[in-house]
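Just so it is clear: chains get the letters A, B, ... in the order the sequence lines come, proteins before strands, and each one is counted from 1. Scope of the values below: all heavy atoms of this structure, side chains included, with no hydrogens, waters or symmetry mates.
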Amino acid sequence: MLVGARVRQVRLLRRDVAHSFTCDGSHHRTKRRDLLLGDTIESLTRHGKELTINSGTGPLICVHLGMSGQLWYQPSRLHLQRRDHVHCIWWIDSPTISGRLVFRDPRRFGGLWTFPSTKALHATRWSRLGPDALSIGTQTLRRRLCQTRRPIKAALLDQHVVAGIGNIYADEILFAAQIHPLSISNSISTMDYRTLAHTIHSILRRAIAAGGSTTHDYIDGHGQPGSFAKCHQVYGRPLQPCLRCGQQLQSIKVIQRTTIVCPKCQRIFNGPRVRWPSNNRTGVRTAIDHINKMPAK
DNA sequence: ATGGGATCCTGTGAGC
DNA sequence: TGCTCACAGGATCCCA
């Protein structure tokens, strides 16, 4: 719908959600031109959790939805759906559509970043991201996970390692791959890196096909909730029976993120000897010891 | 190198 | 009914 449409008007209601950069990476006050006023949208791209709206002449907007962000197209014949926490509105027209694109983000963990070119976007922002999760290959994934001894869930959530996996999908992926989230990244077997890569692709594709996971208020570009939460095997099911083996699912914390795990069918890979924490000179503990010391929820 | 805690912010639900 | 508190899809910083 957006590709080929012209941006007739832009209104930025909250300045602090937008960040504008020049070619040399310096920061400046966002102008409506930076938000593509008068431009025609030529294409949309995505890398990990970030998407871009690209004009034909070069400038582009990078959008991150954070935890509560929404990017919502509303036909102009409708009254604006929900005015609260709307931070930016684009009025767009094409031969086939006429309406508004609305950026709404109650918690403001998301935002808009504008760049004069794709090159500037990569130099300032996307070069820091790892390969996209949907297309990462087994060998690349293995190479990147082998560079760290963090718990595998911490590595999967790190956008510099692989881009596009959040808390819900990390839990679903590790359950499907039968790998415990506290497994040491560089300790899982070669076969399991292959399983993990395939599982990442499979879960994300299925989630996208279902329109995403709406657990609270997520909506897609048409204002519709996603239905993948109905398919969650572990996320949102603490203390309920594992759908694979019947064991009660545990809720633990991994890097301060709620993590749901089946203690029976998710194997822990912790290598021969694990130093944990790494700055503990006297104590050498296994990841299992670490779990045993965690408070039960 | 890594985890923990704090921080940014609002909405929701539980418990009292 | 109204109050407080904990927690929620993310990401970054500082400190130990």
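Between Ser213(A) and the phosphate of dG9(C), there is no side-chain N or O to OP1/OP2 separation shorter than 4.0 Å. Residue His216(A) has no polar side-chain atom (N or O) positioned under 4.0 Å from OP1 or OP2 of dT12(B). The side chain of Arg108(A) places an N or O atom within less than 4.0 Å of a non-bridging phosphate oxygen (OP1 or OP2) of dT10(B). Distances shown here put a side-chain N or O of Lys253(A) below 4.0 Å from the OP1 or OP2 atom of dA8(C).
Ring geometry for Phe21(A) versus Phe115(A): interplanar angle under 30°, hence parallel rather than tilted (30 to 60°). Under the 30°/60° scheme for interplanar angles, the aromatic rings of His201(A) and His198(A) are found to be tilted.
A donor atom on one side chain and an acceptor atom on the other are found under 3.5 Å apart for Asp93(A) and Ser98(A). His222(A) and Asp220(A) form no side-chain donor-acceptor contact under 3.5 Å, judged by distance and modelled atom types alone.
Counting to the nearest Å, the C1' atom of dA11(C) and the CD1 atom of Ile165(A) are 16 Å from each other. Atom-to-atom, CD1 of Ile252(A) to P of dG4(B) comes out at 11 Å; the value is rounded to the nearest Å. Rounded to whole Å, atom C1' of dG3(B) lies 10 Å from atom CZ of Arg150(A). We find that CD1 of Ile260(A) is positioned 9 Å from P of dG9(C), with the value rounded to whole Å.
A donor-acceptor contact under 3.5 Å links the side chain of Arg107(A) to the base of dA8(C).
Among the heavy atoms of the strands, none lies under 4.0 Å from Ser68(A). Across all strands shown, Asp217(A) has heavy atoms under 4.0 Å from base atoms, whether or not it also approaches the sugar-phosphate. Tyr235(A) comes within 4.0 angstrom of the backbone, heavy atoms only, and of no base.
Heavy-atom nearest nucleotides on DNA chain C were determined for Met67(A) and for His160(A), and the one closer to the 5' end corresponds to Met67(A). For the pair Gln147(A) and Gln256(A), both in contact range of DNA chain B, the more 5′-proximal nearest nucleotide belongs to Gln147(A).
Comparing the P positions of dC7(C) and dG4(B) gives an interatomic distance of 15 Å, to the nearest angstrom. dT10(B) and dT1(C) have their P atoms separated by 26 Å, given to the nearest Å.
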Which dot-bracket string fits DNA chain B when only Watson-Crick or G-U wobble pairs with both atom distances under 3.5 Å count, crossing pairs get [ ], and | stands for a partner on a different strand?
.|||||||.|||||||

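Nearest to the side-chain atoms of His85(A) among the listed nucleotides dT10(B), dC8(B), dG9(C) stands dT10(B).
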